[in-house]
Amino acid sequence: MAVEVGDGGTFVLFLLVAALAAGVVVAGAIAYQRAQQARLARLRAWAASRGWTWTARDDSVAELLGTRPFGMGDEREAREIITGSRDGRPFQAFRYVVVEHSRDSKGRRRTTRDDYQVVWVTLPRGLPALRFAPDDAFQRVLTGLGWGDVDTESHEFNQRWRVSSRDDAYAHAILAPHVIDELLRPAWAGATVVVEGRFVAVVRRGYPDLRTLDATLDRLEALTGTIPPFVLADYGR
């Protein structure tokens, strides 16, 4: 039987349903916040157990590089930063967040946030920017901005990687056979590698997975170790 809008029982039922829905939302938010706090506490403890430091947020770290995906968006954040050294080699690992603001057809502001996992190590000398990545929209933007698309003699490498640089001679100098062999390893699948200044960075979409940190550092050590010494001598600064 239909109940009139003015019926007192219907109004009370509406309030109860609204209160229940609000309670579910609040409970979910509290549970999420507690889970996040527990995750960050584990992260801090794990970093401390390795002798590394942990910083909740330092956005200046997000501005150290400018080669895509760095330098994108309206705002950039660096969160959950682990700073340390392994076998005497300094590194940083952090969650890189790209924030973009837009407005819909009614003028309402919309904010999107994209998360990336970044791990980088440093070189003894700074090098010009170079990007290794799968074929993606970022790559096509760089090509449109005048970055060359460098091919090698390895068909498999050319199928897997797009190499971007403003200096083809420099790119070919880095692409020694040992570098190509290293980047053909399955461990690099889905990654973007950025060389810029003294940094060599591995970037992956999504939240950081610390279970892979040591393996990523292993591969970064191997990759930087295969860069021909003459590259640092001729192009380093």
Side-chain angles (χ1 to χ4, degrees), residues 64-72 84-94 96 116-206 208-209 212-237:
L64 290 175
L65 299 184
T67 303
R68 291 174 181 259
F70 301 102
M72 300 191 312
S85 64
R86 205 185 64 152
D87 300 327
R89 185 78 175 271
F91 77 90
Q92 280 189 312
F94 59 95
Y96 172 59
Y116 298 84
Q117 173 179 340
V118 177
V119 183
W120 63 37
V121 297
T122 56
L123 295 168
R125 302 187 69 185
L127 290 175
L130 180 70
R131 182 177 184 266
F132 301 88
D135 187 15
D136 59 11
F138 297 158
Q139 171 64 42
R140 290 187 285 275
V141 169
L142 289 176
T143 301
L145 292 174
W147 289 57
D149 186 8
V150 179
D151 282 337
T152 72
E153 294 181 359
S154 169
H155 176 73
E156 183 182 1
F157 184 89
N158 295 337
Q159 290 295 109
R160 183 178 299 184
W161 294 100
R162 301 292 296 274
V163 183
S164 304
S165 173
R166 292 188 182 276
D167 184 342
D168 286 0
Y170 160 63
H172 282 293
I174 280 192
L175 286 167
H178 291 310
V179 172
I180 291 173
D181 289 343
E182 172 59 34
L183 289 173
L184 286 176
R185 287 176 174 268
W188 293 102
T192 293
V193 180
V194 173
V195 179
E196 184 180 336
R198 294 188 63 194
F199 295 100
V200 180
V202 180
V203 186
R204 297 181 184 275
R205 283 187 175 273
D209 182 356
T212 66
L213 178 56
D214 280 298
T216 299
L217 288 171
D218 287 343
R219 299 276 44 93
L220 275 169
E221 284 286 334
L223 177 63
T224 56
T226 59
I227 295 175
F230 80 85
V231 172
L232 292 170
D234 292 352
Y235 294 95
R237 57 183 185 273

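As the structure is a computational prediction, the values presented were derived from the model and not from experiment.
Of all heavy-atom pairs spanning E156 and L184, the tightest one is CG-CD2, 3.8 Å. In plain terms, the two heavy atoms of P228 and A176 that are nearest each other are CG-CB, 3.6 Å. Here the shortest heavy-atom pairing between A173 and V231 reads O-CG2, 3.6 Å. When all heavy atoms of L130 and S165 are compared, the pair lying nearest together is CD1-CB, 3.4 Å. Pairing each heavy atom of L232 with each of R125, the nearest pair is O-NH1, 3.3 Å.
With rounding to the nearest 0.5 Å, the separation of CZ in F70 from OH in Y116 is 10.0 Å. To the nearest 0.5 Å, the span separating CZ on F199 from CG on L64 amounts to 5.0 Å. For the atom pair CG of L175 and CG of D168, the computed distance is 10.5 Å after rounding to the nearest 0.5 Å.
At least one donor-acceptor pair under 3.5 Å links the side chain of R89 to the backbone N or O of T122. Of the possible polar contacts, none joining the R219 side chain to the W188 backbone as a donor-acceptor pair under 3.5 Å is found. Between the side chain of Y235 and the backbone N or O of I174 there is no donor-acceptor pair closer than 3.5 Å. Here the side chain of R131 pairs no donor or acceptor atom with the backbone of S164 at under 3.5 angstrom.
Contact check for F91 versus L220: no side-chain heavy atoms found under the 4.5 Å cut-off. Contact of the V202 side chain with the L223 side chain is not registered, since no non-hydrogen atoms from C-beta on lie closer than 4.5 Å. At a threshold of 4.5 Å between non-hydrogen side-chain atoms, the residues W161 and T152 do not count as touching.
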Side chain to side chain contact (heavy atoms under 4.5 Å, CB included) for W120 and V194? Distances and angles first, verdict last.
CA-CA 9 Å; W120 63 37; V194 173; over 6 Å; no
Could you go step by step and tell me if I227 and V195 meet the side chain to side chain contact (heavy atoms under 4.5 Å, CB included) rule?
CA-CA 11 Å; I227 295 175; V195 179; 5.6 Å; no
Criterion side chain to side chain contact (heavy atoms under 4.5 Å, CB included) on Q117 and T212, from CA distance to verdict:
CA-CA 11 Å; Q117 173 179 340; T212 66; 3.6 Å; yes
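With respect to R86 and D218, a salt bridge is recorded, a charged nitrogen being found less than 4.0 Å from a carboxylate O.
At a cut-off of 3.5 Å, with distance as the only test, no side-chain donor of E182 or T226 sits close to an acceptor on the other residue.
Heavy atoms of other residues, nucleotides or ligands lying less than 6.0 angstrom from NE2 of H172 number more than 12.
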